[in-house]
Amino acid sequence: MNEEKSLNFLEEIIENDLSAGKYQQIHTRFPPEPNGYLHIGHASSIHLNFGLAARYAGKCNLRFDDTNPITEETEYVDSIRNDIKWLGYQWDNEYYASDYFEQLYSFAIKLIEKNLAYVDDSNSDQIAASKGDINTPGTNSPFRDRTVEENLKLFTEMREGKYKDGEKVLRAKIDMAHPNLLFRDPIIYRIKHAHHHRTGDKWCIYPMYDFAHGQSDSIENITHSICTLEFIHHRPLYDWFIQQLEIYPSHQYEFARRNLTYTVMSKRKLLQLVNENYVSGWDDPRMPTISGMRRRGYTAKAIRNFCDAVGIAKRENIVDLGLLEHFVREDLNKNAKRVMAVLDPVKLVITNYEASKTELLEIENNPEQENGGTRQVPFSKEIWIEREDFMVVPPKKFFRLGPGLMVRLKGAYIVKCEDFKKDENGVVTEIYCSYIPESKSGNDTSGIHVKGTIHWVSIAHAIQAEVRLYDRLFKVENPAAETGDFKDYINEASLQTLSKVNMEPSLSIAKPGEHFQFLRKGYFSVDIDSNEEALVFNRTVTLKDSWAKAQQKS
RNA sequence: AGUUCCAUUGUGUAAUGGCAGCACAACUGAUUUUGGUUCAGUUAGUCUAGGUUCGAAUCCUGGUGGAACUACCA
């Protein structure tokens with residue numbers, strides 16, 4: 001077995017670089033700004049950067065791009081570190097752009113000395129106005145021709161705190177008529193008298209992205225600096241700074257951001273959902289954040305497999321949420337313990353079963369695992385079954401319970417429906433069945449074969465727990481592309497809470513983070529809100545349900 | 001409009017001038033003490049018009065369509 005996996009465009013570049021002897025070892029980095037929680041798009045980038053380093057025996061740094069003190073917080077730093085580890089990756093070095101502030105400052109001095117940067121007293125509006133637009137060249141700032149000495153003095157004063165926010169900026173002196181707007185004398189330092197999460201009040205000037213990112217890459221000797229497509233216009237500027245500064249030539253490569261159906265991915269939008277309480281927090285199980293998916297019950301392995309399957313490319317895309325769910329099911333099918341819980345109960349009485357009797361039945365934990373073991377489940381005369389598993393007038397091919405129909409109770413006996421009771425509204429309240437003693441699971445000598453097997457919970461032994469049924473957060477595939485506010489497309493039914501679900505007693509010791517399959521109902525995981533007194537389960541994903549699908553069609 | 005990038009079944013991604021393949025989804029059927037899983041199979045694609053070539057998804061030209069850029073955000 002020698003399955004050749006084709007290379008993506010970055011792997012190709014790297015293999016060429018390596019074989020050409022351009023590098024002895026590659027070095028990548030994952031550079032989040034700590035201004036929000038990581039989401040599935042970041043997972044792709046993490047998987048890419050760490051994966052490339054692992055594949056080619058290189059290194060991958062974690063670098064926080066913390067050059068804007070206004071939006072960045074330690075809470076985000078902690079969550080980011082935690083999420084990366086949870087995904088299964090370990091960085092070689094942990095760095096912060098703020099570690100380089102002194103170095104970056106001296107880079108700026110160097111640029112001034114080369115007469116390639118100047119202090120501009122224009123305000124924000126004036127700078128924007130003189131920038132021109134895509135069809136019109138910009139005009140030079142009146143401050144563009146200050147002398148090197150004057151610029152040096154002014155920039156030093158900026159650092160010393162002599163000026164207020166917005167009063168002055170440092171700009172690179174390039175070309176106000178350049179077709180790439182980023183070359184029209186980009187601002188590289190601005191004044192912000194703000195507290196930084198790491199450097200505190202040491203600085204009141206902060207470098208802009210374009211004067212921090214590539215330089216940080218260079219300082220760390222990053223060989224392949226991988227980012228998303230919207231930075232493609234920045235690449236020439238990235239190279240220009242490196243060239244003028246005469247520092248280590250890192251190279252930038254871009255790939256297309258991953259989008260997912262039925263959700264939004266921009267941090268701005270996600271922050272809105274959190275701040276305006278459409279969700280309970282960044283880790284709400286409906287969020288596309290790593291922490292949300294973890295809480296929902298998605299596994300790290302499933303997410304890694306997903307990233308792998310989706311791959312990378314340079315074209316616009318929107319990946320079907322169903323693909324992610326496929327990998328979640330694939331992993332959970334192999335690993336989640338099967339248990340029984342009845343979400344919407346109706347009582348079933350076994351008329352010929354002794355009222356005082358309880359049997360402990362051995363039921364397999366996972367048919368996918370050879371050594372998955374068994375557990376004991378109590379069985380008695382009165383049990384809960386799923387309301388949808390009984391119909392007064394069953395349609396064709398309904399392999400469940402109805403008047404006169406037989407079904408197997410999972411791991412127990414075959415029962416036959418003899419009668420049922422309705423209330424004044426016509427709602428079925430009780431179902432009466434007889435059981436076949438010779439049909440006991442494991443040593444069935446009855447010779448009877450039934451089409452259907454249903455799950456159940458003994459009423460006398462059931463424990464109760466809260467169950468949260470989650471569905472997609474939005475009603476449309478691509479809410480960001482719809483007209484109007486994306487929040488108009490929120491699925492109001494994305495969370496349904498069932499407060500007292502009956503389930504088998506083995507679940508009483510379930511711990512937060514554990515995964516289960518509620519037989520025939522889906523995968524569920526224990527929420528972080530859960531404790532021994534009050535268990536809470538989140539529905540991770542439903543099982544495929546070809547019966548429901550067939551019913552819907554007819 | 002200028003610059004840059006992109007275009008392969010419904011979705012995502014391969015094919016690096018030589019048989020258009022894989023996964024998901026959809027649809028059949030078989031197996032099944034989960035209408036799950038598993039197994040077998042089916043449907044379905046190179047945006048368009050030219051050119052180069054023995055041969056083009058691939059290279060070239062034009063067109064069409066989409067995206068990004070005009071923050072003291074990253």
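The chains referred to below are lettered A, B, ... by the order of the sequence lines, with proteins before strands, and numbering in each begins at 1. In this text the structure is predicted, and so the values were computed from the model without any measurement.
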Between [options], spot the one nearest the side chain of [X], thanks.
X      : options                : answer
A:I134 : B:rC73, B:rC69, B:rG12 : B:rC69
A:R190 : B:rA74, B:rG36, B:rU11 : B:rA74
A:K397 : B:rC72, B:rG35, B:rU34 : B:rG35
A:S6   : B:rA14, B:rC72, B:rG35 : B:rA14
A:W547 : B:rA74, B:rU3, B:rG35  : B:rG35
A:L181 : B:rA74, B:rG36, B:rC69 : B:rC69
A:I318 : B:rG36, B:rU33, B:rG12 : B:rG12
A:D545 : B:rG12, B:rG35, B:rC72 : B:rG35
A:A313 : B:rU13, B:rG36, B:rC5  : B:rU13
A:P179 : B:rU3, B:rA74, B:rC6   : B:rU3

In whole Å, I'd like the distance from the [atom1] atom of [X] to the [atom2] atom of [N].
X      : N      : atom1 : atom2 : value
A:F306 : B:rC24 : CZ    : P     : 14 Å
A:E230 : B:rA67 : CD    : P     : 15 Å
A:R400 : B:rU33 : CZ    : C1'   : 15 Å
A:D308 : B:rC24 : CG    : P     : 14 Å
A:K131 : B:rU3  : NZ    : P     : 19 Å
A:N478 : B:rG12 : CG    : C1'   : 15 Å
A:I414 : B:rU34 : CD1   : P     : 13 Å
A:H455 : B:rU32 : NE2   : C1'   : 18 Å

Short side-chain N/O contact from [X] to OP1 or OP2 of [N], under 4.0 Å:
X      : N      : result
A:K314 : B:rA68 : no
A:R520 : B:rU37 : no
A:K451 : B:rG35 : no
A:K192 : B:rC73 : yes
A:R315 : B:rU13 : yes
A:T136 : B:rU70 : no
A:T71  : B:rA74 : no

Task: Basic-acidic side-chain contact under 4.0 Å: A:K410, A:E364 - done: yes
Open item on the list: Any carboxylate oxygen within less than 4.0 angstrom of a Lys/Arg side-chain nitrogen, looking at A:D165 and A:K192?
Closed with: no
For [X], answer base if it contacts any base atom (sugar-phosphate contacts may also be present), sugar-phosphate if it contacts only those atoms, and nothing otherwise; contact means non-hydrogen atoms under 4.0 Å.
X      : answer
A:G411 : base
A:V169 : base
A:H326 : sugar-phosphate
A:S546 : sugar-phosphate
A:P367 : base

Look at the side chain of [X] against the base of [N] and say whether a donor-acceptor pair falls under 3.5 Å; ignore hydrogens and angles.
X      : N      : answer
A:T453 : B:rU34 : no
A:E316 : B:rG65 : no
A:R329 : B:rU37 : no
A:Q517 : B:rU34 : yes
A:H234 : B:rA68 : no

Task: Aromatic centroids of A:H213 and A:Y209 separated by under 6.0 Å - done: yes
TODO: Check whether the aromatic ring of A:Y209 stacks on the base of B:rA74, taking stacking as ring centres less than 5.5 Å apart and planes within 30° of each other.
DONE: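 Check failed, A:Y209 does not stack on base of B:rA74.
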- [ ] Any chance you could measure A:L409, atom CG, to A:I414, atom CD1, to the nearest 0.5 Å?
- [x]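 Those atoms lie 9.5 Å apart.
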Task: Greater than 12 external heavy atoms within 6.0 Å of A:R387's CZ - done: yes
TODO: Compute both the distance and the angle, then confirm whether A:R198 meets the cation-pi test with A:Y96: under 6.0 Å from the six-membered ring centre, within 45 degrees of the axis.
DONE: yes
Open item on the list: When you measure from the centre of the six-membered ring of A:F255, is the NZ or CZ of A:K314 closer than 6.0 Å and no more than 45° off the axis?
Closed with: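 Not flagged: A:K314 not positioned over aromatic ring of A:F255.
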TODO: Answer whether the closest heavy-atom distance between the side chains of A:V377 and A:W456 falls below 4.5 Å.
DONE: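 Side-chain contact under 4.5 Å: yes.
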